[in-house]
Amino acid sequence: MADRDGNIIAKNYGIGIPVEKENFHVKGMDHVDWGMKNRLSKIFNPNTGRTLMLAFDHGYIMGSTAGLERLDLSIPPLIEDADVLMGTRGALRSTIMPKMNKAIALRCSAGSSVLKEDMSHEIIGVNIEDAIRMNASCMAIQVFVGASGECQTLNNLTKTIDEGNRYGIPVLGVTAVGKEMERTTRYFLLATRIIAELGAHIIKTYYCEDFEKITSACPVPIVIAGGKKVVEAKALEIAYRAIQEGAAGVDMGRNVFQAENPKAMIKALRSIVHNGFNPKEALELYHSIKNEK
Ligand code: 5RP
């Protein structure tokens with residue numbers, strides 16, 4: 001059964017052949033229940049099939065992060081342009097007004113910090129009752145494929161999927177990267193597919209070479225993380241390419257809230273995700289908003 005090299009020779013990705021959908025706009029989700037479809041429709045805009053998420057859950061491992069020192073000041077101005085807020089229950093409850101009407105991707109894995117050499121030993125940090133109480137649109141669980149905590153984090157994922165399926169809450173499986181894990185196409189192909197096969201409804205991963213192989217081989221929607229801050233033009237280029245190559249959304253954090261003008265940056269990303277802007281047009285939009293008096 002074990003065939004570590006299978007991905008090297010794989011070639012039939014059917015790139016460019018759209019996945020057949022029966023009557024629902026989210027890839028691979030035709031056969032889930034009404035409540036789950038309703039939550040997925042809050043995440044993925046039914047008109048474009050895409051989503052723009054804003055990740056600000058960094059504090060769960062990084063503590064006070066540059067750009068997020070004051071969540072109450074940095075996040076509220078960005079809410080209007082995001083479809084989904086990805087945060088911890090602590091950040092959401094303490095700093096975000098519940099009257100805002102956006103989807104919530106609730107960070108539900110926990111148990112590590114940047115002080116640890118090996119961060120792969122996570123646990124489930126939010127139980128299903130609290131996820132329901134928080135009105136989570138999806139529950140985010142980090143998975144460390146190939147690391148010493150692989151089994152434990154896959155266990156977190158499958159347990160959360162079981163609970164999510166029981167109550168109609170989708171699970172967002174997040175592919176972790178770190179010292180022990182490569183950032184190669186081969187690695188992301190492996191990790192995203194494992195997470196999807198175990199039943200996750202959405203996968204978050206990183207943009208990489210041959211990205212369309214990853215989106216083609218993954219039966220559920222992929223959204224990309226941004227990673228460390230890069231110049232705005234580069235972040236917009238990555239977002240554009242990811243969407244062109246089959247991503248159903250963008251879930252950037254540092255490249256938004258650490259941008260010189262976060263509000264302009266989220267609007268520029270939105271123009272790529274939902275309005276068909278190319279990177280040049282999106283950068284022009286960024287600068288025009290940044291330069292507004
Ligand atoms: C990793 C995550 C974070 O939300 C994500 O990585 C943060 O976004 P960015 O990398 O764009 O700052 O899911 O656990």
Side-chain angles (χ1 to χ4, degrees), residues 43 51-69 71 74-75 78 82-92 103-114 116 118-126 136-145 147 149 153 156-157 160 170-181 183 188 191-192 195 200-208 221-232 234-239 241-243 247 249-259 262 265-266 268-270 272-273:
I43 298 170
T51 187
L52 178 60
M53 303 186 172
L54 173 64
F56 56 96
D57 57 333
H58 304 61
Y60 100 99
I61 47 173
M62 289 162 65
S64 172
T65 307
L68 297 179
E69 297 87 344
L71 288 160
S74 51
I75 300 305
L78 307 178
D83 299 308
V84 183
L85 303 184
M86 180 171 181
T88 61
R89 61 181 171 184
L92 289 162
I104 293 297
L106 185 64
R107 164 61 65 175
C108 290
S109 55
S112 221
S113 84
V114 283
K116 266 180 163 170
D118 177 358
M119 295 170 64
S120 70
H121 294 276
E122 289 201 335
I123 54 163
I124 297 172
V126 178
S137 310
C138 68
M139 298 180 284
I141 296 286
Q142 184 124 304
V143 175
F144 291 75
V145 170
T153 57
N156 298 339
L157 179 76
T160 306
V171 171
L172 169 64
V174 181
T175 60
V177 289
K179 287 197 195 84
E180 296 165 81
M181 290 148 291
R183 278 189 180 232
F188 289 130
T192 54
I195 294 172
H201 308 86
I202 311 164
I203 316 280
K204 175 164 165 171
T205 193
Y206 291 84
Y207 183 75
C208 63
I222 287 195
V223 298
I224 59 149
K228 283 186 186 155
K229 169 84 173 65
V230 291
V231 293
E232 285 76 8
K234 173 114 198 279
L236 294 171
E237 179 77 34
I238 290 170
R241 286 206 201 160
I243 294 290
V250 169
D251 185 13
M252 288 184 173
R254 285 164 286 182
N255 279 289
V256 176
F257 58 74
Q258 292 177 355
M265 190 60 185
I266 196 165
L269 284 169
R270 187 164 191 88
I272 289 174
V273 171

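In each ligand, atom 1 is the first atom listed, and ligand 1 is the first ligand listed.
A cation-pi arrangement is present between Arg183 and Tyr206 under the rule of less than 6.0 angstrom and at most 45 degrees off the ring axis.
At least one side-chain heavy atom of Met119 sits less than 4.5 Å from a side-chain heavy atom of Ile61. In this structure the side chain of Leu52 reaches within 4.5 angstrom of the side chain of Ile266, judged on heavy atoms.
At a 3.5 angstrom cut-off on N or O pairs, Ala55 does not count as close to ligand 1. Between Gly253 and ligand 1, at least one pair of N/O atoms sits closer than 3.5 Å. The shortest N/O to N/O separation between Asn255 and ligand 1 does not fall below 3.5 Å. When only interatomic distances are considered, the shortest N/O to N/O separation between Gly226 and ligand 1 falls below 3.5 Å.
Within the listing of ligand 1, atoms 1 (C), 14 (O) sit less than 4.0 angstrom from a heavy atom of Gln142. Counting the atoms of ligand 1 from 1 in the order shown, those under 4.0 Å from a heavy atom of Arg254 are 9 (P), 10 (O), 11 (O), 12 (O). Near Lys204, meaning under 4.0 Å from one of its heavy atoms, ligand 1 places the atoms 2 (C), 3 (C), 4 (O), 5 (C), 13 (O). Close contacts of ligand 1 with Tyr206, meaning ligand atoms under 4.0 Å from a residue heavy atom, involve 6 (O). Interface of His58 with ligand 1, defined as ligand atoms under 4.0 Å from a residue heavy atom, comprises 7 (C), 8 (O), 9 (P), 12 (O). Those atoms of ligand 1 that come under 4.0 Å of a heavy atom in Val174, given as number and element, are 13 (O).
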- Query: Can you list the steps and then say if Val174 with Ile141 is a side chain to side chain contact (heavy atoms under 4.5 Å, CB included)?
  - Reply: CA-CA 6 Å; Val174 181; Ile141 296 286; over 6 Å; no

- Evaluate the side chain to side chain donor-acceptor pair (under 3.5 Å) criterion for residues Tyr60 and Glu122: first the C-alpha distance (whole Å), next the side-chain angles of each, then the deciding distance (0.1 Å), finally the verdict. CA-CA 11 Å; Tyr60 100 99; Glu122 289 201 335; 2.7 Å; yes

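Panel note: side chain Asn255, backbone Val230; a donor-acceptor pair is recorded below 3.5 Å. Judged purely by atom type and a 3.5 angstrom limit, Ser109 has no side-chain atom pairing as donor or acceptor with the backbone of Ile123. Of the possible polar contacts, one joining the Ser137 side chain to the Ile104 backbone as a donor-acceptor pair under 3.5 Å is found.
Contact analysis leaves Lys229 out of contact with ligand 1, as no non-hydrogen atom separation drops below 4.0 angstrom. Heavy-atom separations between Phe257 and ligand 1 are all 4.0 Å or longer.
By heavy-atom distance, the residue among Met53, Arg107, Met252, Lys228 lying nearest atom 13 (O) of ligand 1 is Arg107. One option in Ala225, Gly227, Ser109 has a heavy atom closer to atom 10 (O) of ligand 1 than any other, and that option is Gly227.
Scanning the protein heavy atoms around atom 4 (O) of ligand 1, the nearest turns out to be Asp57 OD1, 2.5 Å.
Evaluated for a salt bridge (charged side-chain N to carboxylate O under 4.0 Å, His left out) with Asp57, the options Arg107, Lys204, Arg254 yield exactly one hit, Arg107.
Of the inter-residue distances, the one linking Ile43 atom CD1 with Asp251 atom CG reads 10.5 Å to the nearest 0.5 angstrom.
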